[in-house]
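Only one structure is covered here, and it is reproduced in the block below.
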Protein chains: 2
Amino acid sequence: MDTGTSLQNRIPRKRRKMQRVTMMDVAKLAQVSPSTVSLYLRKPAAVSPAAGQEIARAISTLGYVPNLVAGGLAAASSKVVSVIVPSIRNAFFAETVSTLQSELAVEGLQVILGHSEYGEEQEEALVRTALAWAPAAVVLTGLSHSAETRKLLQASGVPVIEMWEIGGKPINMAVGFSHPQVGASAARHLLSKERRSIAFLGARMQEDHRAAKRASGFAEEAKRAAAQTTCEIINHPGAATVEAGSLLLNRALQQIPSLDGIACSNDLIALGALFECQRQGIAVPDRIAVVGFGDLDFSASCIPSLTTIRPSGDLIGKEVARLILGGIHGEQPTAASRIIDTGHVLIERRST
Amino acid sequence: MDTGTSLQNRIPRKRRKMQRVTMMDVAKLAQVSPSTVSLYLRKPAAVSPAAGQEIARAISTLGYVPNLVAGGLAAASSKVVSVIVPSIRNAFFAETVSTLQSELAVEGLQVILGHSEYGEEQEEALVRTALAWAPAAVVLTGLSHSAETRKLLQASGVPVIEMWEIGGKPINMAVGFSHPQVGASAARHLLSKERRSIAFLGARMQEDHRAAKRASGFAEEAKRAAAQTTCEIINHPGAATVEAGSLLLNRALQQIPSLDGIACSNDLIALGALFECQRQGIAVPDRIAVVGFGDLDFSASCIPSLTTIRPSGDLIGKEVARLILGGIHGEQPTAASRIIDTGHVLIERRST
DNA sequence: AGATCAAATCGCAGCGCTATGATGCACACA
DNA sequence: TGTGTGCATCATAGCGCTGCGATTTGATCT
């Protein structure tokens, strides 16, 4: 009614839940200032052993859990790395993400995950929310992104690492290998086995640009290396599954009756092709030689064991982690170290 | 020296980077207060259309990206869900995480990922950092956790969902299925095929409690259902791989020469067993029937196609998302809806 | 004893946002 | 004309922490 009311309302209304244990509570119990607690948490060595012990004791008796959200806000960069992959169901990326997560966890960094499902628009939305976390770094898959995505990332000033592909110009840093070269290796291998009617079997290549590049690398090498070679690229619009492998093999046989060698964009497809051969009584490698890609779990054990190209998702994860951690420790990557080629290895087994 | 120095230092030193576009910048450009911008971002309907348009325009011209870290701090709960799985390389969990991530992304929630590698200590550390993010929910795998982990979670007041297992008492909510029942289903199926010398082949069962429960469910059902049944549980200490499947099959044959049926804790192991049978000329299912678990990508396509139990990691992801989103919208789960049984389905194929 | 210096500790001012009421305003009612 | 109602908008007070100096302490030197 009267102005007294508004004066009364000046009484600070506590929004504080009085629940969460804060750094101040720890400080109080340990008889030091909050700053010292903060310092202890970040660089324990900078605090005297006595105070450190006191603080440690207080933390454990109170069950204090630091609030990284507050820390991130205050420090203007959160201890988070945003990782965007096409699909975590894909064993390639699962391996990389797994390794990356483990390596980053050592330094207290968290991985925030997103799947683009091979869509640039989806990726853009993911990048947008990723940046909203003021992450320590953003990790993307491949070098193809929408213009807007690039702009967003560039404007943010956040370190960006593109993985699983090199060969174009990265936004900032890249860790991976050349997909055309992988295709070329597969082609060379088949040609070295005297195969002259060959095909590349891939899935979803309209969206999966990396698979498409493996395919074109394959075709170009085939054309370049041997004049009288028949070479086809065959695409399955759906996902790269074992079943797709069967389908693709049949289509390849239809298109090239004399087919004697195939390279697959994924070991799952290769496995499907192997099964289909078995079903139809086609001898592998005598009649058809098969090269896969990925060196998945089963590839060494299947029948016949699968010749394949290992891209080393593991190593990619490690290198990405190294770049991120280096950046956090203030290292400026040199021009050379901005692009890391993890290479690929062709593992010859019984299927060729 | 004199007090003047400290007075001079009173001049506020700006730490502000003057880089990041903030909500205030948007407000200024749109000629409204920051509060209105915030309101618009959270509930656009509460703002007048005119102001809304103005704000939207300002956001896009400035390229404003909201800072979720600041938002999380102010709102005392961040738009993050922390998910901890044993391993993302495992196709089961990859599937669940993938679905969960997609479902949560719709409402602007992010997934933070951690792998426990089947270690309770690791899990505890992960839970600790997870809580440091004041997440909207924490999702764990399984019902077995260290006492400290339970305490931490309970004290935090954050909603906790345990997935991929039901049958014990969850911390809060659980979505999954009964592993002993899965084992029992496998046993019943083998028994129904007149198999009486059977084995359960599992990997890493000292750490993977869920696999161990499938094994014991299998053994118990075998014992219960038929008196003259020979039944062994065979464990491989390493990871569940195709190669482990080969090894395990051989060990099983050694221990039970009359072996005529196996159940595997994972389709990868089953595939390995299948390959080993093929190598040794053992007819499947005539001599040995094989049941898997997981219904992985290859299971329908391998030779012979694999009878397996589908746990539906997809559905688990969906239900977990539903619980989380319900909680965010203020729904209080009833006692019944706290535990969701997603069941399992035995898919009979040619291997039995 | 007094001066000097490094190490340890502390106080302050934000980080960018949201929650909470308060305020302003147009319109309808008495 | 004065008052109530409801909507749109706003000002304020933090959320819990860190970065930056400033200050204190204790040891060493002159």
Side-chain angles (χ1 to χ4, degrees), chain A residues 3 5-28 30-52 54-55 64-79 132-134, chain B residues 1 3-28 30-52 54-55 64-79 132-134:
Chain A
T3 55
T5 310
S6 74
L7 263 177
Q8 263 169 253
N9 284 328
R10 284 280 153 280
I11 292 165
R13 53 205 139 87
K14 289 257 139 210
R15 235 204 302 164
R16 171 89 179 276
K17 297 276 167 43
M18 283 325 214
Q19 281 192 7
R20 179 152 199 146
V21 178
T22 73
M23 190 175 271
M24 212 158 85
D25 299 321
V26 173
K28 226 169 272 173
Q31 316 242 50
V32 294
S33 81
S35 307
T36 308
V37 177
S38 170
L39 191 61
Y40 170 75
L41 255 22
R42 283 171 297 118
K43 344 184 155 163
V47 174
S48 71
E54 214 51 49
I55 292 168
Y64 169 68
V65 177
N67 185 333
L68 290 178
V69 179
L73 180 59
S77 150
S78 61
K79 287 202 161 308
W133 283 98
Chain B
M1 324 275 168
T3 55
T5 310
S6 73
L7 263 177
Q8 262 169 253
N9 285 326
R10 282 282 151 281
I11 293 165
R13 52 206 139 88
K14 289 257 140 213
R15 233 203 306 163
R16 172 87 180 277
K17 296 274 169 42
M18 279 328 213
Q19 281 192 6
R20 181 155 197 143
V21 179
T22 74
M23 190 175 271
M24 211 158 85
D25 299 323
V26 173
K28 227 168 272 173
Q31 315 242 49
V32 294
S33 81
S35 305
T36 308
V37 177
S38 170
L39 191 61
Y40 170 75
L41 254 23
R42 281 170 299 118
K43 338 183 161 170
V47 174
S48 71
E54 213 51 48
I55 292 167
Y64 170 66
V65 177
N67 185 332
L68 291 178
V69 179
L73 180 59
S77 148
S78 61
K79 286 198 160 312
W133 283 97

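Note that the structure is a prediction, hence the values are computed from the model and not measured. Naming convention: chains lettered A, B, ... in sequence-line order (proteins, then strands); numbering from 1 in each chain.
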Measuring to OP1 and OP2 of [N], would you say a side-chain N or O of [X] lies under 4.0 angstrom away?
| X | N | result |
| --- | --- | --- |
| B:Arg42 | C:dA19 | yes |
| A:Ser35 | C:dT9 | no |
| A:Tyr40 | C:dC10 | no |

Nearest to the side chain of [X], heavy atoms from C-beta on, is which of [options]?
| X | options | value |
| --- | --- | --- |
| B:Ala75 | D:dG14, D:dT18, C:dA19 | C:dA19 |
| B:Ala51 | D:dT9, C:dT18, C:dT9 | D:dT9 |
| A:Tyr64 | D:dT12, D:dT9, D:dC17 | D:dC17 |

Can you tell me how far the CE atom of A:Met23 sits from the CD1 atom of A:Ile55, to the nearest 0.5 Å?
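Output value for this atom pair is 9.5 Å.
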Between B:Ala70 and B:Pro34, just flag the one whose closest nucleotide in DNA chain D comes earlier from the 5' side.
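Its nucleotide being nearer the 5' end, the pick is B:Pro34.
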Given that B:Leu73 and B:Ser48 both sit by DNA chain D, which one's nearest nucleotide is further toward the 5' end?
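On the 5' side of the pair lies B:Ser48.
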Heavy atoms only, 4.0 Å cut-off, all strands: where does [X] land among base, sugar-phosphate and nothing?
| X | answer |
| --- | --- |
| B:Val47 | sugar-phosphate |
| B:Val32 | sugar-phosphate |
| A:Leu39 | base |

Where A:Pro34 and A:Ala27 come nearest, the two heavy atoms and their spacing:
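A:Pro34 and A:Ala27 have their closest heavy atoms at N-CB, 3.5 Å.
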Protein-nucleotide distance ([X], atom [atom1]; [N], atom [atom2]), rounded to Å:
| X | N | atom1 | atom2 | answer |
| --- | --- | --- | --- | --- |
| B:Lys43 | C:dT20 | NZ | P | 10 Å |
| A:Lys28 | D:dG16 | NZ | C1' | 13 Å |
| B:Lys79 | C:dC17 | NZ | C1' | 13 Å |
| B:Met24 | D:dA11 | CE | P | 12 Å |
| B:Glu54 | D:dT9 | CD | P | 12 Å |
| B:Leu68 | C:dC15 | CG | C1' | 15 Å |
| B:Asn67 | C:dG14 | CG | P | 18 Å |
| B:Gln31 | D:dC10 | CD | P | 10 Å |

With side-chain hydrogen bond (donor to acceptor under 3.5 Å, both in side chains) as the criterion, how do B:Thr36 and B:Ser33 come out once you've worked through the C-alpha distance, each side chain's angles and the decisive distance to 0.1 Å?
CA-CA 5 Å; B:Thr36 308; B:Ser33 81; 3.3 Å; yes
Within the structure provided, determine whether B:Asp25 and B:Tyr64 are in side-chain contact (heavy-atom separation under 4.5 Å).
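They are not in contact (no side-chain heavy atoms under 4.5 Å apart), so the answer is no.
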Can you check whether A:Asn67 reaches A:Arg20 side chain to side chain, under 4.5 Å on heavy atoms?
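Touching, per the 4.5 Å side-chain cut-off.
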Quiz item: B:Ser33 side-chain donor-acceptor pair to D:dA11 base, under 3.5 Å:
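Result: no qualifying N/O pair found.
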